[in-house]
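The block underneath contains the structure these notes are about, expressed in structure tokens.
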Amino acid sequence: MITIGKGIFHLSGDAFSYIFRVLPEGYLQHLYYGRRLSGYIDSEDLFPPHARSFSPNFPGSSDNRYSLDTLACEFPVFGTGDFREGAFLAERRDGSRVVDFRYEGYEILSQKSRPDGMPGYRGGETLSVRLKDTLSGCILTLYYTVYEKEGAIVRRAELLNGGEMLRLLRLMSFCVDFPAQEYDVIALSGAYAMERSPVRMHAEQGIFRISSARCASSHAHSPFLALAERDATEETGQVFGFSLVYSGSFVLRTERDALGSVRVTGGINDSEFCWTLQGGEKFCTPEMAIVFSDKGIGSMSRAFHDLIRGELLPLNRQDTPVVLNSWEACGFSFDPQSLSELIHGAAELGAECFVLDDGWFSKRSSDRSSLGDWVANTEKLGGGLDSLARLCRKNGLRFGLWVEPEMISRDSELYRCHPEWCVHCKGLAYIESRNQLVLDLVNPEVREYIKSCMDKLFSSAEISYVKWDMNRNVTEALSYALPEERRAEYSHRYVLALYELLEYFTEKYPQIFFLGCSGGGGRYDAGMLYYFPVQWASDNTDAADRCHIQYGGSYVYPLCTSDNHVSSCPNLSTGRTTPLKTRADVASLGGFGLELDPKRLSQQEREELHGYIARQKKLRKLVADGDVYRLKDPFSGNEFCMEVVSKDRKRVYAVWVNMLAPANPPQPRLRFRGLDSEKAYRVEETGKIYGGDVLMNAGLPLPLPYGDFISGTFTLSATERREKYD
Ligand code: GLA
């Protein structure tokens with residue numbers, strides 16, 4: 001709900017309030033963000049201003065109690081007294097960077113708009129607040145969309161240049177200033193094959209930032225951050241989560257100032273950002289979703305999951321099919337015979353789709369060539385893609401294909417025809433990564449080429465599944481297709497160009513299931529999820545490591561967005577051997593698939609796997625749509641457990657993994673959460689029935705671990721509560 005009165009804006013949901021006001025001078029003062037308040041507050045009394053040495057007055061004012069340096073701001077800027085990290089920086093023709101935005105007016109919009117050319121949440125009631133720079137005439141519009149049930153606000157900013165040309169150097173999506181208090185900062189950090197590990201630290205005085213300068217959100221940091229009360233846990237305490245809808249170079253910062261207040265800002269990474277804005281032009285930031293929870297980190301995650309599933313993922317999205325992907329089975333080496341065996345093997349196991357990964361086109365038999373030449377290698381395939389698709393269909397499978405449209409190999413026909421189409425810097429030797437260069441998507445001719453190649457593929461060969469990969473990051477961020485004064489705009493323009501392509505393909509081919517991938521989870525962010533609702537979570541398919549990767553990812557992203565495959569052992573990334581059951585149990589927490597050659601399995605393993613696939617088909621709706629509870633944290637102990645509870649609390653599924661088996665261990669227990677204590681639940685694995693309260697409080701005894709990396713699943717369904725369990 002949005003209520004406005006006496007210059008106070010009150011945004012509220014079922015369980016939160018977010019309040020700011022307009023000061024008489026026209027500055028926006030942030031007043032409160034937290035548990036829901038019944039009405040407006042007498043802000044003068046509750047937020048008394050104090051004079052502070054070295055904190056300058058408002059321009060032209062002699063009242064030293066008010067300073068932009070100490071004010072909690074809605075959108076802080078440079079040059080008028082706020083010495084903290086601002087949300088805005090621009091340079092005018094005369095070199096001045098001072099701006100002075102004052103309130104102009106507001107509107108309530110019944111329909112939410114998206115930022116131009118970028119993904120965004122759907123959803124309703126939106127407040128837009130207009131500020132005007134008294135110096136340049138620029139208009140800054142701040143958007144706030146309220147999601148009452150999810151406990152979320154989606155914010156963004158837009159700058160309209162109402163004056164002379166200026167160079168925009170920073171425009172954040174939002175800012176929230178939190179009152180002086182001790183906080184922890186939580187981020188999801190990692191590396192290639194080890195993405196999204198939660199890290200938590202005390203917010204000390206100074207600036208903490210996570211960022212990417214790679215033109216992709218990166219393996220190293222997810223564009224997410226949370227600010228939590230110091231004693232907040234998975235189940236208790238106040239937590240504020242921030243998730244950016246952007247797939248390129250981003251930044252999220254917290255700054256604890258000298259007086260203990262903490263500022264959170266984020267948006268497009270400004271470390272090398274520069275955008276020329278002519279008079280009359282406008283610039284939009286990506287959206288930032290902000291979630292408040294007063295029931296710990298778990299409840300923050302469930303709010304993000306509801307918001308992302310309900311308002312961001314494509315409305316026409318399909319269930320993730322159970323696939324067999326050829327990559328770990330055979331890499332680049334396959335022939336018609338081995339492909340046909342893989343397809344038969346996949347069908348026998350009960351898979352629904354066969355995905356031909358890298359190596360199917362042109363001369364590609366290693367990562368050294370052919371990116372850009374998207375023509376089937378008929379020798380390797382034993383015919384065209386059509387014949388392979390037919391073979392899949394004969395076996396009752398859909399057919400899927402791997403592509404990497406943003407890239408070019410130097411050894412390719414495309415490069416020989418258009419050497420100027422790769423991203424490069426004249427005078428500097430080319431910078432290769434994985435033996436490939438990046439196509440200059442900012443050049444419209446390149447986008448047209450990608451569209452025409454992919455159109456040929458997507459419309460001709462009965463392809464109903466596409467894995468879209470990106471296996472390196474962008475260096476030499478610059479395009480000669482841009483006028484000189486705009487070349488520095490490259491990083492953001494790359495992302496806009498990418499979004500244009502994704503919009504084009506997803507609109508044109510609604511029947512295709514698109515899987516996003518960037519060497520695993522290198523571009524697993526809310527921006528990509530708007531187009532491709534499932535991401536290949538990591539190239540690391542080791543079950544023990546996947547417990548960590550999937551646990552961390554669930555801080556923000558719903559389980560249905562994570563694609564998880566069962567692969568062979570010893571694992572390619574770690575050399576570790578884990579039981580087949582554990583690999584299947586861990587993979588069942590999301591999109592499920594296979595990354596192995598069925599031929600190399602024993603008959604017994606094939607039967608086992610057949611059972612796991614059948615189970616997945618029954619479970620996948622629950623896993624995709626249910627509420628997630630993280631019961632055991634593999635980062636702080638030897639066990640992992642995640643539980644999913646259906647919205648009506650009648651169905652429950654939990655996966656438990658014990659990492660290393662100690663000798664003579666204490667009895668491990670599993671205490672469920674989120675059940676209905678009035679109901680009894682039948683545990684399918686044992687046939688036993690327990691009360692919901694028993695399962696949540698006493699918990700089930702887990703098997704004493706014998707052998708490393710063992711797992712268990714618990715599938716509960718509600719039954720009539722019987723007398724003897726009361
Ligand atoms: C990336 C992907 C893998 C596979 C290879 C193919 O690394 O993450 O799953 O598709 O590329 O080259």
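Both ligands and their constituent atoms are indexed starting at 1 by order of listing.
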Checklist line | Backbone of G591 reached by a side-chain donor or acceptor of Q616 within 3.5 Å | finding: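 No: the side chain of Q616 does not pair with the backbone of G591.
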Open item on the list: Any side-chain to backbone donor/acceptor pair from D633 onto F640? Under 3.5 Å, distance only.
Closed with: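 A pair under 3.5 Å: no.
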Quick one: salt bridge (Lys or Arg N to Asp or Glu O under 4.0 Å) pairs with a partner in residues 559-587, sequence neighbours left out?
->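 Every pair satisfying salt bridge (Lys or Arg N to Asp or Glu O under 4.0 Å) with a residue in residues 559-587: D542-R576, D545-R576, K581-D585, D585-R615.
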Check your understanding: If you draw a 6.0 Å radius around CD in E379, do more than 12 non-hydrogen atoms from other residues or ligands fall strictly inside?
Key ->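 Count not over threshold, so no.
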* Specify whether Y246 and Y499 have parallel, tilted or perpendicular ring planes, treating 30° as the upper limit for parallel and 60° as the lower limit for perpendicular. =>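 Judged by the thresholds at 30° and 60°, the geometry between Y246 and Y499 is perpendicular.
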- Taking the six-membered ring of Y551, is NZ or CZ of R630 closer than 6.0 Å to its centre and within 45° of its axis?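 That pair qualifies as a cation-pi contact.
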Tabulate distances under 3.5 Å between N/O atoms of ligand 1 and N/O atoms of the protein, writing both atom names on each line.
{"residue": "ligand 1", "atom": "7 (O)", "partner": "N471", "partner atom": "OD1", "Å": "3.4"}
{"residue": "ligand 1", "atom": "7 (O)", "partner": "D539", "partner atom": "OD2", "Å": "2.9"}
{"residue": "ligand 1", "atom": "8 (O)", "partner": "G520", "partner atom": "N", "Å": "3.0"}
{"residue": "ligand 1", "atom": "8 (O)", "partner": "D539", "partner atom": "OD1", "Å": "2.4"}
{"residue": "ligand 1", "atom": "8 (O)", "partner": "D539", "partner atom": "OD2", "Å": "3.1"}
{"residue": "ligand 1", "atom": "9 (O)", "partner": "K467", "partner atom": "NZ", "Å": "2.7"}
{"residue": "ligand 1", "atom": "9 (O)", "partner": "W536", "partner atom": "NE1", "Å": "3.4"}
{"residue": "ligand 1", "atom": "9 (O)", "partner": "D539", "partner atom": "OD1", "Å": "3.4"}
{"residue": "ligand 1", "atom": "10 (O)", "partner": "D357", "partner atom": "OD1", "Å": "2.6"}
{"residue": "ligand 1", "atom": "10 (O)", "partner": "D357", "partner atom": "OD2", "Å": "3.2"}
{"residue": "ligand 1", "atom": "10 (O)", "partner": "W402", "partner atom": "NE1", "Å": "3.1"}
{"residue": "ligand 1", "atom": "10 (O)", "partner": "K467", "partner atom": "NZ", "Å": "3.0"}
{"residue": "ligand 1", "atom": "10 (O)", "partner": "D469", "partner atom": "OD2", "Å": "3.4"}
{"residue": "ligand 1", "atom": "11 (O)", "partner": "D469", "partner atom": "OD2", "Å": "2.9"}
{"residue": "ligand 1", "atom": "11 (O)", "partner": "N471", "partner atom": "ND2", "Å": "3.0"}
{"residue": "ligand 1", "atom": "12 (O)", "partner": "D358", "partner atom": "OD2", "Å": "2.6"}
{"residue": "ligand 1", "atom": "12 (O)", "partner": "R434", "partner atom": "NH1", "Å": "2.9"}
{"residue": "ligand 1", "atom": "12 (O)", "partner": "R434", "partner atom": "NH2", "Å": "3.0"}

